[in-house]
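What you are looking at is a predicted structure, and each value in this text was computed from that prediction instead of being measured.
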Amino acid sequence: LRRQLQMCIRDSLVGSVLAQVERDWRRVEKYVRDHGDLERGKRTCVHALRMLMLVEQVMVHGEVVDIEAANHLREEMQYWYDKNWEAFGGRWGVELRERTAALAALIEQ
């Protein structure tokens with residue numbers, strides 16, 4: 001019973017985070033493409049990636065082991081100045097989709 005409860009909580013956590021990340025990505029697109037607000041888009045994108053990375057740690061280790069896991073992405077994104085949505089979405093959308101797929105694969109295990 002305890003194992004079933006743990007699995008239910010993990011599935012619920014991952015489902016909630018995946019839904020939030022999807023909403024955040026739509027907001028990133030709106031900020032960058034529709035409003036030209038690259039800085040706000042970058043902040044929201046980093047937040048979504050950070051959530052994916054932290055939840056992945058919880059799934060694998062049972063706890064957050066590296067709170068600074070997404071800092072390298074934030075630093076890389078800090079030097080991104082291209083407001084073109086296709087370029088931004090192409091680069092960071094791939095990162096987001098790969099991390100989302102990795103997290104979804106953990107649920108399957």
Side-chain angles (χ1 to χ4, degrees):
L1 181 62
R2 184 176 182 193
R3 178 78 174 144
Q4 288 176 327
L5 181 59
Q6 287 174 331
M7 296 299 289
C8 182
I9 291 170
R10 286 174 39 153
D11 290 352
S12 178
L13 172 65
V14 171
S16 175
V17 166
L18 290 176
Q20 180 63 47
V21 165
E22 187 177 319
R23 284 190 300 273
D24 281 353
W25 186 248
R26 286 193 307 266
R27 288 176 44 221
V28 170
E29 182 177 9
K30 181 179 80 170
Y31 295 147
V32 176
R33 185 177 64 185
D34 300 344
H35 301 290
D37 191 347
L38 183 61
E39 293 308 311
R40 194 167 183 186
K42 290 193 293 189
R43 283 193 308 271
T44 304
C45 187
V46 168
H47 175 263
L49 290 166
R50 180 174 285 119
M51 283 197 317
L52 289 169
M53 295 173 82
L54 295 178
V55 169
E56 182 178 354
Q57 290 178 32
V58 170
M59 294 290 289
V60 171
H61 304 288
E63 64 183 352
V64 173
V65 294
D66 181 9
I67 195 71
E68 298 176 348
N71 286 359
H72 70 283
L73 296 173
R74 182 190 58 78
E75 290 168 6
E76 182 181 342
M77 205 177 294
Q78 179 178 343
Y79 297 103
W80 186 280
Y81 301 106
D82 189 347
K83 290 184 178 185
N84 177 285
W85 169 247
E86 285 69 30
F88 187 89
R91 165 60 182 98
W92 299 105
V94 168
E95 184 84 33
L96 189 113
R97 284 187 298 277
E98 287 175 354
R99 294 195 180 276
T100 298
L103 187 57
L106 287 174
I107 294 176
E108 311 264 329
Q109 295 180 351

Rounded distance [0.5 Å steps], [atom1] in [X] versus [atom2] in [Y]:
X   : Y   : atom1 : atom2 : result
R50 : L73 : CZ    : CG    : 9.0 Å
R27 : H35 : CZ    : NE2   : 11.0 Å
R26 : T44 : CZ    : OG1   : 13.0 Å

Under a 4.5 Å side-chain heavy-atom rule over Ile, Leu, Val, Met, Phe, Trp and Tyr, are V65 and V60 clustered together? no

Same cluster or not: M51 versus Y31, using hydrophobic residues (I, L, V, M, F, W, Y) connected whenever any side-chain heavy atoms lie under 4.5 Å apart? no

Residue among V17, V64, D66 satisfying side chain to side chain contact (heavy atoms under 4.5 Å, CB included) with L54: V64

Would you call the rings of F88 and W92 parallel, tilted or perpendicular, taking 30° and 60° as the class edges? tilted

Kindly give the heavy-atom pair with the smallest separation between [X] and [Y], and that separation in Å.
X   : Y   : result
D82 : A87 : OD2-CB, 3.5 Å
L96 : L52 : O-CD1, 4.0 Å
V32 : G41 : CG2-CA, 4.0 Å

Is it true that E95 and R99 have a side-chain N and a carboxylate O under 4.0 angstrom from each other? yes

Tell me whether the centres of the aromatic rings in W85 and W25 are closer together than 6.0 Å. yes

Donor-acceptor pair between D24 and Q20 side chains, under 3.5 angstrom: yes

Strictly by modelled atom types, are N84 and R33 linked by a side-chain donor-acceptor pair under 3.5 Å? no

Taking the side chain as C-beta and beyond, is there a heavy-atom pair between E76 and R91 under 4.5 Å? yes

Closer than 3.5 angstrom, by distance alone: can the side chain of H72 be matched with the main-chain N or O of A69 as a donor-acceptor pair? yes

Got a donor-acceptor contact below 3.5 angstrom from the K42 side chain to the M77 backbone? yes

Any chance CD of E68 has more than 12 other-residue heavy atoms, nucleotides or ligands included, within less than 6.0 Å? no

